[in-house]
Amino acid sequence: MDDEATADRNTHLQDVLGDRYSLKEELGSGRLATVYLAEDLRHHRQVALKVLHPDFSGPGIADRFIREIEISAGLTHPNIVPLFDSGHRSSIVYFVMPFLEGGTLRQRLEREKQLPVADAVRVATEILDALGYAHDHGIIHRDVKPENILLSPEHALLADFGVARIFVEAAESSLTAPGRIVGTVAYMSPEQGLGDEGVDARSDLYSLGCVLYEMLVGEPPFRGATPQAVLAKHLNEPPQPVRDLRPSTPQELEHAVRKALAKIPADRFSDSREFLQALAPMSLGSQDGITGVPHVLPHRTPPEPTRPWRDEPSGPVGSRSTRADSEAAGVVYVWIVEDNLEYRKTVQELIEDHADL
């Protein structure tokens with residue numbers, strides 16, 4: 001679209017929005033919609049206003065889109081971007097969300113390429129929490145990708161619930177040429193890429209596995225010259241192991257990513273809770289996945305341990321967590337001598353037992 005046509009469309013959009021929203025600037029545009037920074041004149045706040053492209057605003061499609069958005073608006077969760085408003089006026093279909101200055105995960109990946117392990121795990125667990133809530137309410141996202149993960153100073157939030165379904169239906173009915181693949185193929189599960197109508201929650205978990213892989217490695221698990229080539233890799237090729245590309249990644253984290261990216265849905269995590277359980281121990285490790293280093297909270301010289309908190313497991317000497325006499329001062333010191341999943345679970349129990357410290 002040339003500059004003159006864009007200006008005409010923005011003028012028309014502002015006329016349609018009237019005195020409800022004032023457009024400030026265009027934030028970005030994709031295949032489905034254009035996002036604007038706007039001012040909510042009624043509530044005196046900045047918002048992100050997403051407007052569907054005209055191809056998706058025709059009769060029938062727009063009505064289904066609004067119904068889907070209304071269903072998604074019922075999702076109330078701290079890691080799901082809330083819906084402020086939506087409408088269909090004069091061939092313009094739009095919906096309104098909070099404007100988050102942290103931008104998207106895609107923007108952060110463009111700046112940093114790879115995220116610290118701790119940050120990648122935090123983003124993944126927060127998005128898993130959102131997905132689990134949505135899945136419990138019978139809603140599958142279908143388009144989990146960095147562009148749909150927004151970052152605030154406190155949380156990662158998932159956006160665009162329900163939009164992907166309408167996109168697929170519209171494309172299949174009127175926009176798709178033979179052989180064209182609909183969706184974001186870099187993050188698409190094998191069954192979704194094959195057009196399986198029975199796509200379920202495990203497809204979203206596969207997509208998040210692709211996102212987690214990219215946060216750790218710096219690129220999605222599969223790349224190719226064409227969408228068809230990428231889809232073929234999703235269907236037939238194993239991803240290169242994460243630790244081959246980033247050796248500091250904890251082994252348990254690599255196992256979790258590999259399970260999420262299983263070709264067959266039955267081989268993946270059964271639900272988001274199981275995926276979350278697999279990621280939980282990683283929150284206890286160092287940011288770079290280095291083992292055998294004591295982590296002390298707060299940053300003080302720890303006293304000598306006085307008595308064991310838990311007996312060591314039978315077998316070779318492995319790990320011991322200790323509780324110091326200074327516990328009365330509100331400090332717990334933990335030494336990790338050897339790092340593995342079982343010992344991390346023990347430390348997790350210790351922390352949960354002392355949540356008040």
Side-chain angles (χ1 to χ4, degrees), residues 1 28-35 50 52-58 61 64-65 68 104-110 113-114 124 127 131 140-150 158-242 245 257-258 260-265 267-268:
M1 184 180 294
S29 184
R31 296 171 62 192
L32 177 64
T34 299
V35 182
K50 179 170 284 192
L52 263 65
H53 294 322
D55 288 340
F56 297 97
S57 302
I61 298 174
R64 286 191 58 83
F65 177 82
E68 191 74 20
T104 66
L105 176 59
R106 167 61 62 216
Q107 291 168 326
R108 182 174 177 187
L109 287 170
E110 288 174 349
K113 188 174 175 64
Q114 296 172 315
I127 298 305
L131 286 172
I140 311 301
H141 191 284
R142 294 180 174 82
D143 199 21
V144 178
K145 59 184 179 180
E147 289 81 356
N148 283 337
I149 296 175
L150 279 64
L158 189 56
D160 281 4
F161 273 94
V163 175
R165 177 187 296 178
I166 301 303
F167 181 34
V168 170
E169 291 177 355
E172 289 177 345
S173 64
S174 61
L175 299 175
T176 306
R180 182 178 176 187
I181 298 173
V182 177
T184 310
V185 71
Y187 309 94
M188 187 182 295
S189 69
E191 63 271 23
Q192 185 176 349
L194 290 174
D196 186 350
E197 294 182 358
V199 165
D200 61 19
R202 294 169 296 182
S203 179
D204 281 348
L205 301 186
Y206 181 97
S207 298
L208 184 60
C210 293
V211 173
L212 179 54
Y213 186 103
E214 183 173 1
M215 287 192 287
L216 295 170
V217 171
E219 61 183 37
F222 303 110
R223 304 183 73 178
T226 65
Q228 290 81 1
V230 177
L231 177 57
K233 292 181 179 180
H234 279 292
L235 293 169
N236 302 307
E237 296 185 13
Q240 186 172 358
V242 172
L245 301 169
V257 173
R258 184 165 64 244
L261 295 179
K263 306 297 183 187
I264 300 172
D267 292 337
R268 298 175 203 149

### Message
In the structure I gave you, are the side-chain heavy atoms of Cys210 and Pro221 within less than 4.5 Å of one another anywhere?
### Response
yes
### Task
Compare all side-chain heavy atoms of Leu105 with those of Glu147 and state whether any distance is below 4.5 angstrom.
no
#### Entry: Note, Thr34 side chain near His53 side chain (heavy atom, < 4.5 Å)
yes
### Query
Quick one: CD on Glu191 to CG on Leu235, what's the gap to the nearest 0.5 Å?
9.5 Å
### Message
For Ala201, give me all partners under side-chain contact (heavy atoms from CB on, under 4.5 Å), at least two apart in sequence or on another chain.
### Response
His135, Ile140
### Approximate separation, where rounding is to 0.5 Å, of Arg142 CZ and Asp160 CG
13.5 Å
#### Entry: Separation between CG of Asn236 and CG of Leu231, rounded to the nearest 0.5 Å
8.5 Å
### Query
With Asp267, which residues qualify under side-chain contact (heavy atoms from CB on, under 4.5 Å), at least two apart?
Ala262, Ile264
### For the student: nearest non-hydrogen atoms of Leu158 and Ile127, plus distance
N-CD1, 3.9 Å
### Query
So which heavy atom on Val230 is nearest to which on Gly224, and how close?
CG2-N, 3.3 Å
### side-chain contact (heavy atoms from CB on, under 4.5 Å) partners for Gln114, two or more places apart
Arg246
### Query
What pair of heavy atoms forms the shortest contact from Arg202 to Pro265, and how long is it?
CD-O, 3.4 Å
#### Entry: Listed partners of Leu245 passing side-chain contact (heavy atoms from CB on, under 4.5 Å), at least two apart
Tyr213, Val217, Gln240
### Task
For residues 204-231, pull every pair meeting salt bridge (Lys or Arg N to Asp or Glu O under 4.0 Å), keeping only residues two or more places apart or in separate chains.
Arg106-Glu214, Glu219-Arg223
### Task
Keeping the roles fixed (side chain from Lys113, backbone from Arg108), state whether a donor-acceptor pair exists under 3.5 Å.
no
### Message
According to side chain to side chain donor-acceptor pair (under 3.5 Å), who are the partners of Arg258, at least two apart in sequence or on a separate chain?
### Response
none
### Residues in ring pair (Phe, Tyr, Trp, His ring centres under 6.0 Å) contact with Tyr206, at least two apart in sequence or another chain
His234
### Message
So Ile149 and Thr104, do their side chains get closer than 4.5 Å, heavy atoms only?
### Response
no
### Query
What is the minimum heavy-atom distance between Pro227 and Val185, and which atoms define it?
O-CG2, 3.6 Å
### Message
Please give me the minimum heavy-atom distance between Val211 and Tyr187, naming the atom from each residue.
### Response
CG2-CD2, 3.9 Å
### Task
Ignoring hydrogens and angles, tell me if any N or O in the side chain of Asn148 forms a donor-acceptor pair with the backbone of Asp143 under 3.5 Å.
yes
### Task
List in chain and number order the residues that pass side chain to side chain donor-acceptor pair (under 3.5 Å) with Ser203, two or more places apart in sequence or in another chain; answer none if no residue qualifies.
Ser189, Gln192
